[in-house]
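Data block below; observations after.
These figures come from a predicted structure and were not determined experimentally. So that the names make sense, note that chain A is the first sequence line, chain B the second, and so on, each numbered from 1.
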Protein chains: 2
Amino acid sequence: MKEGPDIAYIAALIGDPARANMLTALMNGKALTATELAAEAGVTLQTASSHLAKLQDGGLLRLRRQGRHKYFSLADSGVAAVLESLMGLAAGAGHLRTRTGPKDLALRTARVCYNHLAGDMGVQVFESLMDRKYLEFRGDELCLSPAGAAFVADFGVDLDGLARIRSPLCRECLDWSARRSHLAGKLGRALLSRFAGLGWARVDKKTRIVHFSPEGEKGFRAMFPVPRTAPID
Amino acid sequence: MKEGPDIAYIAALIGDPARANMLTALMNGKALTATELAAEAGVTLQTASSHLAKLQDGGLLRLRRQGRHKYFSLADSGVAAVLESLMGLAAGAGHLRTRTGPKDLALRTARVCYNHLAGDMGVQVFESLMDRKYLEFRGDELCLSPAGAAFVADFGVDLDGLARIRSPLCRECLDWSARRSHLAGKLGRALLSRFAGLGWARVDKKTRIVHFSPEGEKGFRAMFPVPRTAPID
DNA sequence: CAAATGCTTCGATTAAGGTCGAACTATGAA
DNA sequence: TTCATAGTTCGACCTTAATCGAAGCATTTG
């Protein structure tokens, strides 16, 4: 019999409530210190220290030292993808930790997932781009078409700059609130930062909610219209 | 303070080595019995039973009862997606375990399941009858249509005799080699016995293999042609 | 009917690991 | 230097749950 596969090891790491809280807190893409993460998880500092060491050993966290601080962040977007899909499963099975509230609605509408836009508006970006054939699948890979490249360049995204970073340009990420995909990868990140740069939206780092201004919402609707016919799920 | 889905609960379910083994064994889409899953996980049957109950409570597994067997399969593609992304994270060694079902090709082709025909040829009977609307679902129940009754009567099955026995005439039975359904119930039993009566096939009681004669195979293909388009699973 | 098979429940044991108090190290500031 | 802050290590407690033997159901077979 094979030894316990690594999948159990990783899942067990996420499976502790305190660690799961820490990881969820890091889903906004920002790095947090050990003390901050201890507060997020609701445990003492020494307990948090032990958890963080385990998460780092498991390769789920990346560490940056700055003076006497230790800043932790998710190791990569793959970790974020796992967390996001886990949220989808848990939400679908009805395992919500708290009742739904107004904050929940805002989270469902627009939130930060790692470093890109998620929620209904994130899904809308993805589907709008897919509908116009700006994004397309080539085999398993999600690609930006020439027309799509022109579109995002015109929108103000520096594609040449992105090309220098060696990680996937476009990636699909499963949304836990809507059960559709939204756009992740370098392009997803660039689009969110462009929304911020245009003054369309600002990110509440605490709650992960993305607040759109009235003008921002208007511009967003113009640039990313919903497809006429809703795609079959 | 905490909002969002309870990912720790789901992750902890996957985080136990025995359960992770079971889930990975189900990744090929086939349904397995509790006993088979116990062997996959390397635990005793009673331990497996406890694990399976937990996985089912967590909404990760779907159950189909089949006589005294319980066939478990992944609840939906979302579960598979989580498992796959977890495997991606556990980057190291690509543990791709391909556990096959029946060891013998003959068993996979045609065998006795209780008292009716199973294996590829059993599936073929079922799908051929469904395709011609000889069998149809009314709600959850599988029924023989009037045209179907005429067909099987013409084939030499004594339907009046079957009507006297008080058990379902048609039943769906999950095939353990193909993941499709084949025909069980009184009609399934009657068809197999008709095959034997016609000299088309004989049953090896020891191995459960059903051996078709060349003429039998020819007649079988004529009576139960494969549907032109394979049904989507 | 009795025997066999597939699975569940009960109970006791045992191992793992999450938790925090207290003491310790390391960095930075006055 | 001394003090303060950030984080780690140690040790002890304690909850959780994984495990299997044995007995109990449920279904099918003969």
Rounded to whole angstrom units, what separation is found between the CG atom of Leu55(A) and the P atom of dG18(C)?
10 Å

Which sits closer to the 5' end of DNA chain C, Ala18(A) or Lys70(B), going by the nucleotide each is nearest to?
Lys70(B)

Side-chain N or O of Thr47(A) less than 4.0 angstrom from OP1 or OP2 on dT19(C)?
no

Just checking, is any N or O donor in the side chain of Arg64(A) or Ser73(A) under 3.5 Å from an acceptor N or O on the other one?
no

From the set dT19(C), dC20(C), dT19(D), return the single nucleotide nearest to any side-chain atom of His51(A).
dT19(C)

CG of Leu13(A) to CG of Leu23(A), rounded to nearest 0.5 Å, is 8.5 Å

Round to a whole Å and report the spacing from CG of Asp16(A) to P of dT15(D).
17 Å

Is the base of dG7(D) touched by the side chain of Gln46(A) through a donor-acceptor pair closer than 3.5 angstrom?
no

Rounded to whole Å, please give me the gap between CD1 in Ile14(B) and P in dA18(D).
14 Å

To the nearest Å, how far apart are Arg189(B) CZ and dT28(D) P?
11 Å

Separation of Arg19(A) atom CZ from dA16(C) atom C1', in whole Å?
12 Å

Taking NE2 from His69(A) and P from dA4(D), how many angstroms apart are they, rounded to a whole number?
17 Å

Exceeds 12 heavy-atom contacts within 6.0 angstrom, atom CZ of Arg189(A)
no

Classify the nucleic acid contact of Arg65(A) as base, sugar-phosphate or nothing, counting any heavy atom under 4.0 Å across all strands shown.
nothing

Integer-rounded Å distance: dT19(C) P and Leu45(A) CG
14 Å

Looking only at heavy atoms, which two atoms of Ala11(A) and Leu86(B) are closest? And how far apart?
CB-CD1, 4.2 Å

Among dT19(C), dT8(C), dC7(C), the nucleotide that comes nearest once only the side chain of Ser49(B) is considered
dT8(C)

Which whole-number value in Å describes the distance from Leu52(B) CG to dG6(C) C1'?
13 Å

Report yes if at least one side-chain N or O of Thr35(A) is closer than 4.0 Å to OP1 or OP2 of dG7(D); otherwise report no.
yes

